[in-house]
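Take a look at the structure below.
Order of appearance sets the numbers: ligands from 1, and atoms from 1 within every ligand. All of these numbers come straight from a predicted model, not from anything done at the bench.
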Amino acid sequence: MKIMKFGGGCLKNDESFLQVAKIIASEKDRPFVVVSAINGMTDLLLESVLNAQKGEKNISGAIGDIKEKHRAIVEKAITDQAIRKEIYQKMETMIEKVGKLLTGISYTGEITPAVRSHVLSYGERLSALILSGVLRSKSMDSVPIESDKIGMVTDKNLENATVILNEFRNNFRPAVQSLSNNKIIPVITGFFGCTSEGKISTFGRNGSDYSAAVIAFATSASELEIWKDVDGFMSADPKIVKNAHKIERLSYYEAAELSYFGAKILHPRTLEPLMGLDISVRIKNLFDPEGRGTEILPEAHEKDDIIKSVTYNRGIAVVRIHGPGVGYKPGIIAQIGHLLSACGINIYSILTSQTCINLLVDKKDASSSYEALKEMKGGVIDEINLEKDVTLIAVVGEGLLKKKGLAARIFTAVSKENVNVKMISTGASEVASYFVVHQDDTEKVVNAVHREFLE
Ligand code: ASP
Ligand code: MG
């Protein structure tokens, strides 16, 4: 079985919906389809939530906007009148519910993660409904499926949820059987599931990729296609590297490292449900369906010159925790982890020495990390500093640890640009080497590494 996931960039207007339908129709066997919300809808819903909190008067404009954007697609992409009418009615019912949720927010003046997730989930509910209607009007049997109604159970982390994979697989099995027996194409909502108490939980922005992987896991799919409006993973960001080129093939680990640290192609957690399985993942471009995209496979494949991509992340900050004895203090890392996780702060990476613990955190969490940790000052810790004007550079390729002289080549290339490297981590990952530089040096460094290995 093949899972085909279409992102917001593929769901922009009537034409792109029809292009998606054409691609699905050209499949030999009926695939399972997973969708994001239409382009820009999640942002619009998020904005509506914030505006509703400011006052009830803002709601009707938002609802009108949401309705209009979807209607414009349905009107042109669904040619069968009876189906169009049915979809309009179902859309109305859904959008009415969004209105009620927004009204609730305006009355209570409160935005909870549960209500925010619930409102946002309507972006995907609406796009799944519409795409399924488009497929039917092109004579394909299809049903929209809302992921909370098929037992996609998650943990209680409502805005960065994790699916309980085996439970979901068991819940979904009967539906999978009957859909495949009857040759029906399900169009399943990405981005959200629900907790065991029935609260809607979301997977973080761009989380539909993760949903698609979860569905690939649960259906024991052989293939997962992630359709986008770009060709695939690139050797570097083409916005800053002129000679960047598409990457043909990556391993799961390489793709995961690239996604975690900057490449905005896949949601960072997409590969998680697939680890240990043998599912071929392919990134495909909606506007070049014959193109090969980037293939992501479980097994490693070493390139002669090892390095496949250099990526960067301007969104991180370094928290430096100084103290002469930090290297000897048992439990100190646990204490730091505990204080930060209590504030919902994620640590990307930890680098320690005997006198300093360095944490990489999201830039937006930098100040709250400082606040959370400052109670530790005075004991073994005497100072905590933040560095926010930094960029994390990641150099990725299978075999990187085994290849002699690679680090020397990376840092020679960087030092020729007269750039100071503030911090280095090599060896923590088998396929990636990281370092931190001043943010103003980002372009220079990425280009230097790209020239050395990839041009
Ligand atoms: N619609 C959600 C978002 O924009 C999820 C996704 O696109 O994958 O973040
Ligand atoms: Mg999106």
| task | Consider every N or O of Ser208 and every N or O of ligand 1, then say whether any pair is closer than 3.5 Å. | result | yes
| message | I want to know if ligand 1 touches Thr42 in the polar sense, i.e. an N/O pair below 3.5 angstrom. | response | yes
| remark: Honestly, for Met41 the part within reach of ligand 1 (heavy atoms, under 4.0 Å) is neither
| request: Determine whether the side chain, the backbone, both or neither of Ser36 has a heavy atom under 4.0 Å from any heavy atom of ligand 1. | output: side chain
| said: Per the side chain to side chain donor-acceptor pair (under 3.5 Å) rule, what does the pair list look like for residues 185-196, sequence neighbours excluded? | reply: Ser147-Thr189
| message | Using ring centroids (six-membered ring only for Trp), state whether Phe261 and Tyr434 fall under 6.0 Å. | response | yes
| Ring centroid separation Phe203 to Phe191 under 6.0 Å | no
| message | Give the atom numbers and elements of ligand 1 that come within less than 4.0 Å of a heavy atom of Arg205. | response | 3 (C), 4 (O), 9 (O)
| said: If the contact criterion is a heavy-atom separation under 4.0 Å, does Gly123 count as touching ligand 1? | reply: no
| field | Close approach of Glu124 to ligand 1, heavy atoms, under 4.0 angstrom | value | yes
| field | Electrostatic pair Arg282-Glu225, nearest N-O below 4.0 angstrom | value | no
| request: Apply ring pair (Phe, Tyr, Trp, His ring centres under 6.0 Å) to Phe435 and list each qualifying residue two or more places apart in sequence or on a separate chain. | output: Phe411
| task | Give a yes/no verdict on a cation-pi contact between Arg71 and Tyr88, requiring under 6.0 Å between NZ or CZ and the six-membered ring centre and an angle within 45° of the axis. | result | yes
